[in-house]
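Predicted, not measured: the structure shown is a model, and the values here were computed from it. What's counted below: heavy atoms across the whole structure, side chains too, no hydrogens, waters or symmetry copies.
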Amino acid sequence: IPYLTFDPIGQKSIGDLLVFSGTTNLTEKTAVYLYRASGSTGEQKLVSNREVFAGSDGVNRWRFVSDSSAFDPGTYSMTVTTGKKDVTKS
């Protein structure tokens, strides 16, 4: 069964550099997409896309870096997906 996990990111403030990352059993070079949903509207917006890369001990990784200076203050939900319904993690 394909999976994606999120590494903890903790509390952040507007203007902080955000690093979203995690592990996966997807093969290297599989495209993954990061979406951001605002807590006030729930509307999802594509932030970026990247490829899975090789990790250590046979566990592959994914990683996105985002500048939060353009974010409005509030709570956000982040989702990473392959675009297929069976491989999504929030």
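Interatomic distance, NZ of Lys12 versus OH of Tyr76, reported as 16.0 Å (0.5 Å rounding). Separation of atoms OG1 (Thr79) and CG (Leu46) is listed at 11.5 Å; rounding is to 0.5 Å. With rounding to the nearest 0.5 Å, the separation of NZ in Lys29 from CZ in Arg50 is 14.5 Å. In this structure, Asp67 CG and Leu18 CG are separated by 8.0 Å, a value rounded to the nearest 0.5 Å. Separation of atoms CZ (Phe6) and OG1 (Thr23) is listed at 11.0 Å; rounding is to 0.5 Å. Going from atom CG of Leu26 over to atom CG of Asn60 covers 8.0 Å, rounded to the nearest 0.5 Å.
Under the 6.0 Å cut-off for aromatic ring centres, Trp62 and Tyr33 do not qualify, their centroids lying 6.0 Å or more apart.
Checked by atom type and distance alone, the side chain of Asn25 pairs as donor or acceptor with a backbone atom of Ile1 at under 3.5 Å. Between the side chain of Thr24 and the backbone N or O of Arg61, no donor-acceptor pair lies under 3.5 Å. Judged by distance alone, with hydrogens and angles left aside, the side-chain atoms of Thr5 form no donor-acceptor pair with the main-chain N or O of Gly22 at under 3.5 Å. A donor-acceptor pair under 3.5 Å is absent between the side-chain atoms of Ser48 and the main chain of Leu34, judged by distance alone.
Summarising the geometry of Ala37 relative to Gly42, their closest heavy-atom pair is CB-O, 3.9 Å, with the distance given to 0.1 Å. In terms of heavy-atom proximity, Gly15 sits nearest to Ser68 at N-OG, 2.9 Å.
In this structure, Met78 and Val47 have side chains that are in contact, with non-hydrogen atoms separated by less than 4.5 Å. In this structure, Phe64 and Ser21 have side chains that are not in contact, with every pair of non-hydrogen atoms separated by 4.5 Å or more. Residues Val52 and Val32 are in side-chain contact: their nearest non-hydrogen atoms beyond the backbone lie under 4.5 Å apart.
Under a 4.5 Å side-chain heavy-atom cut-off, the cluster of Ile, Leu, Val, Met, Phe, Trp and Tyr residues that includes Val19 is completed by Leu17, Val65.
Cation-pi check for Arg36 over Phe71 is met; the charged atom lies under 6.0 angstrom from the ring centroid and within 45 degrees of its normal.
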